[in-house]
Visitor: 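Take a look at this one; I'll ask things after.
So you know, we letter chains A, B, ... as the sequences are listed, proteins then strands, and number each from 1.
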Amino acid sequence: MAASITHRITGVGLGIGSLLLTCWLLALADGPESYAALQAFLGSWFGRLLLLGFTWSMMYHLCNGIRHLFWDVGYGFEVATANRTAWAAFTGSVLLTIIVWGLAYLCRGDV
Amino acid sequence: MSDFKTPMGRVRGRGSAKDGTQTFWHQRLTAIALIPLAATFTGFMIALTGDDYTSAVDTMRSPLVGVAMLMFLLIGFYHMSIGLAHVVEDYVHWELGKIGLIIVIKLGCLGLSLACVLSVIKLSFGSAA
């Protein structure tokens, strides 16, 4: 139940994230001034919060989406299994988010 | 004898989405494609973190990066237009509002994907910054 609605909420969240991605690509294509302005926004606490939400939404939607694909071919419908995989998707998404941000901060070189 | 439709022809394309099972299948197809594409995209964005304008533009000039980005964007926006429309179909029961929102979603996804595709192509063909 909770996993199902979270799948939809993160899906809508990814819609907001796609606006960020579009702005990022447009700014990069537009030139250094636009790119610097966008980077400054994304680097602010609010920008980082949006990016963190975007990352977790994508990781959750990815993990839980795989769960849905297994359901589509008829696996994992038992209540115990469904509950276990729901928790696995949630835990996996949090771990993946931590890994992605850890690697990103390593790439920045200012941990 | 006013109706020559077969029972199958009468029900085909019904349902709130008015297009039968096609979007259901397309949503699964794009979902599968998006697993490796989203992983590639995430790795790409991690690699770009902290890069300045010059190196970001240089990275985007690689044809491989361009193709991977275009695949992710086009398939992703298509998946998103189906998914968001599906959410609206489930929760908005006022027909006029539902249709209005679905038009906004479909046109919005098309507009956003075109903006992204144009940017990627411009960067792909652009000179080094």
Visitor: Contact part of L123(B) toward chain A, heavy-atom cut-off under 4.5 Å: side chain, backbone, both or neither?
Guide: side chain
Visitor: If only atom types and distance count, is the side chain of T91(A) paired as donor or acceptor with the main-chain N or O of A88(A) below 3.5 Å?
Guide: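 Side chain of T91(A) to backbone of A88(A): no pair is present.
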Visitor: Pair V57(B), Y35(A) - check side chain to side chain contact (heavy atoms under 4.5 Å, CB included), show working.
Guide: CA-CA 10 Å; V57(B) 165; Y35(A) 191 66; over 6 Å; no
Visitor: So which residue, H79(B), M69(B), M80(B), ends up with the most heavy-atom pairs under 4.5 Å with chain A?
Guide: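 Among the listed options, the one with the most contacts to chain A is M80(B).
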Visitor: Which one, G76(B), A56(B), G83(B), C109(B), leads in non-hydrogen pairs under 4.5 Å with chain A?
Guide: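 The option with the most such pairs is A56(B).
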Visitor: Quick check on H61(A) against chain B: is it the side chain, the backbone, both or neither that has a heavy atom closer than 4.5 Å?
Guide: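 Only the side chain of H61(A) comes within 4.5 Å of chain B.
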Visitor: Side chain to side chain donor-acceptor pair (under 3.5 Å) between T85(A) and R67(A): does it pass, once the steps are laid out?
Guide: CA-CA 7 Å; T85(A) 53; R67(A) 196 166 152 253; 2.8 Å; yes
Visitor: With a 4.5 angstrom heavy-atom cut-off, which part of I105(B) approaches chain A: side chain, backbone, both or neither?
Guide: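 No part of I105(B) comes within 4.5 Å of chain A.
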Visitor: For the backbone of L38(A) and the side chain of W24(A), can you confirm whether one donor and one acceptor N or O come within less than 3.5 Å of each other?
Guide: no
Visitor: For L42(A), is it the side chain, the backbone, both or neither that has a heavy atom under 4.5 Å from a heavy atom of chain B?
Guide: neither
Visitor: Determine the sole option in F44(B), Y78(B), F41(B) for which the ring-ring contact (aromatic ring centres under 6.0 Å, His included) test with F72(B) is passed.
Guide: F41(B)
Visitor: Of all of G31(A), G43(A), G65(A), which one pairs up most often with chain B through heavy atoms under 4.5 Å apart?
Guide: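 Looking at each of G31(A), G43(A), G65(A) in turn, G31(A) comes out on top.
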Visitor: What about L73(B) and F125(B), same hydrophobic cluster or not, with Ile/Leu/Val/Met/Phe/Trp/Tyr joined at side-chain heavy-atom distances under 4.5 Å?
Guide: yes
Visitor: Output the option from P32(A), S18(A), A104(A) having the highest count of non-hydrogen pairs under 4.5 Å with chain B.
Guide: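 Highest number of pairs under 4.5 Å: P32(A).
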Visitor: Of the backbone (N, CA, C, O) and the side chain (C-beta and beyond), which part of L62(A) lies under 4.5 Å from a heavy atom of chain B, both, or neither?
Guide: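 Only the side chain of L62(A) comes within 4.5 Å of chain B.
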Visitor: Below 4.5 Å, heavy-atom pairs only: which of I35(B), V87(B), V120(B) has the largest tally toward chain A?
Guide: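 Looking at each option in turn, the highest pair count goes to I35(B).
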Visitor: Can you tell which part of A47(B) gets under 4.5 Å to a heavy atom of chain A, answering side chain, backbone, both or neither?
Guide: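 Backbone only.
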Visitor: Could you tell me which portion of L48(B) (side chain, backbone, both or neither) has an atom closer than 4.5 angstrom to a non-hydrogen atom of chain A?
Guide: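 For L48(B), the contact with chain A is made by the side chain alone.
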Visitor: Between R28(B) and F24(B), is NZ or CZ placed under 6.0 angstrom from the six-membered ring centre and within 45° of the ring axis?
Guide: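 Judged by the rule, R28(B) and F24(B) form a cation-pi pair.
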Visitor: So which atom in L96(A) and which in C63(A) form the shortest heavy-atom distance, rounded to 0.1 Å?
Guide: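 Taking every non-hydrogen atom into account, CD1-SG, 3.8 Å.
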Visitor: Which one wins on heavy-atom pair count under 4.5 Å against chain A: A38(B), G50(B), A115(B)?
Guide: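 Of A38(B), G50(B), A115(B), A115(B) has the most heavy-atom pairs under 4.5 Å with chain A.
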Visitor: If I measure from the heavy atoms of chain A, does L84(B) come under 4.5 Å with its side chain, its backbone, both, or neither?
Guide: side chain
Visitor: Is L103(A) close to chain B through its backbone or its side chain, or both, or neither, when contacts mean heavy atoms under 4.5 Å?
Guide: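 Both backbone and side chain.
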Visitor: Is it the side chain or the backbone of W101(A) that comes within 4.5 Å of chain B heavy atoms, both, or neither?
Guide: neither
Visitor: If we only count heavy atoms from C-beta on, is the Y91(B) to R8(A) side-chain gap below 4.5 Å?
Guide: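 A side-chain contact under 4.5 Å exists here.
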Visitor: Evaluate K98(B) against I102(B) for side chain to side chain contact (heavy atoms under 4.5 Å, CB included), listing each step before the verdict.
Guide: CA-CA 6 Å; K98(B) 184 172 87 179; I102(B) 288 173; 4.0 Å; yes
Visitor: Quick one: do the D52(B) and S55(B) side chains pair a donor with an acceptor below 3.5 Å?
Guide: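 Checked: D52(B)/S55(B) side chains pair up, N/O donor to acceptor below 3.5 Å.
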Visitor: Highest number of heavy-atom pairs under 4.5 Å with chain B: which of D72(A), V12(A), T55(A)?
Guide: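 Greatest number of close heavy-atom pairs with chain B: D72(A).
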